[in-house]
Amino acid sequence: MAEDNFSASDFGSSTKRRLPICFALDTSGSMMGNPIKQLNMGLQNFMASIKANDETRSSTDIAIITFGSKVDIVMPFGKISKERGLPEISASTTLTPIGEGIITALELLNARKEGYKEFGIKYYQPWLVVITDGAPQGPNAMKNMELAIAACNELEKNDKLVVFNIGVGSGVDFDILKRLSVKREAPISVNSADFGKLFEFLGSSSSSIVSSGMNDDALYNMTAEPEGEAVDVDDFMKFMDEDDK
Amino acid sequence: MFEVISQYGAVALDYSVISEFAGTPVFDEFTEWIMTSSIDVYVSKTFKTLHYCSVYQTDVKNSDVNIAMKNICSFLLPDHRLHLVQEIETCAFIDKVNAVPDCVILTTRKGIFTKRLYEKQPELKCVLAILCSDGIRTFGSVRDLADQLPLPALSRLAGNNTHIDSSAIASVMDVVKTADGSMSFELVKRLSGGAEGMVFLTDQRNIVAKIYHKGVITPLRWAKLKKLSELGINGEGFCLPRQLLYFQNVPVGYTMTLGRGVTLGNVFDGPDALLEQFPKWTRLDVVDTLLSLIEKYLYLHMHDVIAGDIQLKNALIYSSSSVYLIDMDSVQISNLPCPVGTEEFTDPRLWGRNFSGFVRTLGDEDYSIAMLVFSVLFCGLHPYATRRGAETLREEIINRNFPYTLDNSEEEHIPLGGYNQIWRFLPESIRVMLYETFRNGKVYEAIEWLDAVLSYKEQLMGQKIDSPEAYKVFPLSDYDQASVVLTAAQTAGSGSYEPLKPRYVKKTFTNAPSGKYVPKDFRPQDNEEQKNAVTDVENTSKKGKFLGLF
């Protein structure tokens, strides 16, 4: 029975198609100070924009894990409520177990998908949002990172996962971060000061998926500029006159 | 003009002749011809249903239509020359008409009926006459029609993605004007914003303005807005472009009437959302909402418009009788395509095609209407939402993994939440149509869905279904919801369709039976009167059939 493994209350009674997003966030020592402050602010704004939008409010399903001295599930899926806001994320140690963090995130996403299936809830393919400012560090860190890369690549290739591999600042090992995605040409690179814009982009991307029916592949190549040539009003109107003929 | 077809003894009349020509000199000539000749007139059930659709839109532009209808009925009925063919599907109607001797079909080029002929290519045994403002053209077969009068090809504007190079951006406090400057609107307050543009309240009551972001207005969009504004549809539930707006002489957007309420997707989103916003609703309200929606889409079809992107978020609901279609600027009108659509609501046969690259047919929209019927009746649920199903919704749709069965023998794949009970308590006719659509890929015309839902409404209003559970939004569930007290006289199948005001009793059911429910118990009883009302062409000439219908 469904009730044996999953709690119905964690999934809600909404009939909307869900978009599960798991954030895997770097909380190693180098994120201390302003970067972690900006990250918290960005996340808060992201959640606020998700809640403000009719479409994303009951569709978007979010979990957060951090990787610092160890991997922590800061917020599991289905636990956002009006009373309990987002937990404050803090950075502390020097280790960066990115691989372990990603594998945990994939496990959470997979369990969530199993839950959807159990209850008959439709879902979009999950998003993994990895934000790091460094390189894997710690015991077996590289070995685990290789495992994480292989797992991500396999899922992404089969259209079962959308990967946002995001590097913050200049200390990022972009070569290894790039390998997390087989579809994205290069990792998304931001300064910690631009976290606001990054989360805005993620918010509008999730809204595009749940309300405009945008294809997942479009998430790997988004541009803000309108396509096509810009012409003056007179030339523009000529098109219509020609069509009337 | 009508001499061309004056030699025939009977005419099968399509509703588009009335809806498109009423109030014009052509129609006066038509009326004169019908009045002075002794020709018999055959109409389908679709004709009648579409007329109801028009009347319900309370569109001022329909006053000519209502007068025209009364006028022709006033002399055809006493002479027993108006015959109702109880068929709703196009080919079934054609079959009946083919059996009428010496008959001509009279329709228009853009009407729903003619579009269905192009799409379904039925065999005609009578002549087809297309009425235009400058004359009548006749065709011996649908193939002749398609060869000599092909459907308009895709507009060349469809692939043109140029946009206006301008820095004119209107915002709050700015005044935007119509092309000739005769009307101006001050943007008073921002109401909402999206990827394409922003909607503002204006200084005129109930009029809002949509102002596009830079680069969003393409020639296709502007041409479409122009055509839509020229339709002149004034029904309250259509947030269609009314006036095109310019700022500093540059096209920036359009005005429309203000829709009220919340998006349908936020009401039809499972029991919590629905019962929170409409705690007093019964099944009748759900059905009323659905009828309002289908009628509106059919009204658009009558105007050469195909919505294209039907989905629950593209309508607002204030009450079950007050529904507004919104986001109408992407619809297809004539040969200007609708460039958008979702995987969930679009016919899978269209998946993978570039929506800007072809003109959608009515048949393409039928699937979306079926989706709408299911989603509303199941309070937001998708027909292919399946427990322990495939990895993606896409696979479920392609494999037609519809988890419901006609004999209710299998329910393990139906999502949890009481949806199996909604299915069990639906009328058999609708269950069969949904099953055929989503399991076997059968296509029903939008009007067939309307007809089926109308008959469901009649059953609910006439209290023809015995089980009180059938009147609840969520039957046999323990949600705190309204119920209807059945009166004995009504359940005896008296055949009266007088609307009963439901007496709402807030009641929580904790003793719902857990065993399998036998569907026969809540099926409507046979209604002799209704059966007798269905007559074939052969005996449609009974007197007074139309009295009270128009």
Side-chain angles (χ1 to χ4, degrees), chain A residues 1-3 6 8-9 11-18 52-55 57-59 113-114 116-125 155 158-160 204 207-216 224-245, chain B residues 155-157 160-166 194-195 213-219 222-223 226 249-251 262-263 265-266 268-273 309 311 313 336 340-346 375 378-382 384-393 396 403 413-417 419:
Chain A
M1 284 301 288
E3 289 77 1
F6 299 100
S9 63
F11 286 85
S13 78
S14 170
T15 53
K16 289 214 170 110
R17 189 173 173 182
R18 310 291 209 282
N53 180 318
D54 276 353
E55 293 304 313
R57 191 185 307 123
S58 45
S59 297
K113 268 170 59 165
E114 289 306 312
Y116 295 148
K117 283 184 196 166
E118 191 56 48
F119 286 94
I121 296 169
K122 299 167 293 150
Y123 56 89
Y124 297 92
Q125 289 308 313
L155 289 166
N158 294 320
D159 295 329
K160 290 181 177 176
S204 65
S207 162
S208 300
I209 288 286
V210 301
S211 53
S212 318
M214 191 173 75
N215 192 294
D216 278 351
E225 286 302 308
E227 291 172 20
E229 191 192 347
V231 296
D232 67 23
V233 179
D234 292 340
D235 286 340
F236 183 87
M237 291 301 175
K238 272 183 204 155
F239 290 124
M240 251 149 292
D241 297 341
E242 281 168 19
D243 193 61
D244 285 342
K245 280 172 198 167
Chain B
S155 162
R156 279 181 298 169
L157 296 179
N160 183 335
N161 60 358
T162 49
H163 54 270
I164 299 168
D165 186 15
S166 160
H213 296 317
K214 191 181 172 188
V216 176
I217 299 181
T218 57
W222 197 246
K226 190 160 173 281
N249 296 320
V250 175
V262 285
T263 62
N266 285 324
F268 289 85
D269 185 19
D272 291 346
D309 187 21
Q311 49 170 323
K313 80 177 182 66
L336 300 170
V340 287
T342 61
E343 185 176 276
E344 276 122 313
F345 266 77
T346 306
S375 317
F378 283 76
C379 303
L381 196 73
H382 193 281
Y384 293 109
T386 311
R387 285 186 74 196
R388 299 168 195 152
E391 175 70 18
T392 61
L393 179 64
E396 301 283 18
H413 295 295
I414 299 176
L416 298 179
Y419 298 103

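Quantities reported herein were computed from a predicted structural model and do not represent experimental measurements. All chains are named by letter (A, B, ...) in the order of the sequence lines, taking the proteins before the strands, and each is independently numbered beginning at 1.
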Heavy-atom pairs under 4.5 Å with chain A: which of B:Ile217, B:Val250, B:Asn160 has the most? B:Asn160
Relative to chain A, which segment of B:Ser375 carries a heavy atom at a distance below 4.5 Å: side chain, backbone, both, or neither? neither
Considering only heavy atoms and a distance below 4.5 Å, find which of B:Ala223, B:Ala390, B:Ala273 pairs most often with chain A. B:Ala223
Which atoms of B:Asp272 are under 4.5 Å from chain A, going by heavy atoms: the side chain, the backbone, both sets, or neither? both
To the closest 0.5 Å, what do you measure between OH (A:Tyr124) and OG1 (B:Thr392)? 13.0 Å
Out of B:Ser155, B:Gly389, B:Gly417, return the one with the most heavy atom pairs under 4.5 angstrom to chain A. B:Ser155
Do A:Glu118 and B:Arg388 have side chains that approach each other closer than 4.5 Å (heavy atoms only, starting at C-beta)? yes
How many angstroms lie between OG1 in B:Thr162 and NZ in A:Lys238, if you round to the nearest 0.5 Å? 12.0 Å
Which portion of B:Pro251 sits near chain A, non-hydrogen atoms under 4.5 angstrom: side chain
Name the option with the most non-hydrogen atom pairs under 4.5 Å to chain A; the candidates are B:Leu157, B:Thr346, B:Val262. B:Leu157
Please rank A:Ile121, A:Val231, A:Asn53 by heavy-atom pairs under 4.5 Å with chain B and give me the top one. A:Val231
Interchain contact, B:Thr386 with chain A, by part (heavy-atom threshold 4.5 Å): backbone
Non-hydrogen atoms of chain B under 4.5 Å away: do they reach the side chain of A:Glu55, the backbone, both or neither? side chain
Between A:Lys113, A:Arg17, A:Gln125, the one whose heavy-atom pairs under 4.5 Å with chain B are most numerous: A:Arg17
Contact class of B:Asn249 relative to chain A, heavy atoms under 4.5 angstrom: backbone
Check whether any side-chain heavy atom of B:Leu393 sits under 4.5 Å from a side-chain heavy atom of B:Glu344, and report yes or no. yes
Say you draw a straight line from OG1 of A:Thr15 to CZ of B:Phe378; how long is it, rounded to the nearest 0.5 Å? 12.0 Å
All heavy atoms of A:Lys16 vs all of A:Ser59, minimum pair found to be CD-OG, 3.6 Å
Using non-hydrogen atoms and a 4.5 Å limit, figure out which bit of B:Glu391 sits close to chain A: side chain, backbone, both or neither. both
Atom pair NZ (A:Lys122) and CG (B:Leu381), whose distance is rounded to the nearest 0.5 Å: 7.0 Å
Whether the side chain of B:His413 engages the backbone of B:Arg387 through a donor-acceptor N/O pair (distance < 3.5 Å, no angle test) should be reported. yes
Are side-chain heavy atoms of A:Tyr123 and A:Lys117 found at a separation under 4.5 Å? yes
Using side chain to side chain donor-acceptor pair (under 3.5 Å), reason through A:Ser14 and B:Asp269 one step at a time and then give a plain yes or no. CA-CA 5 Å; A:Ser14 170; B:Asp269 185 19; 2.5 Å; yes
Bottom line for B:Phe345: the part with an atom under 4.5 Å from chain A's heavy atoms is neither
What part of B:Ile414 lies closer than 4.5 angstrom to a heavy atom of chain A: side chain, backbone, both or neither? neither
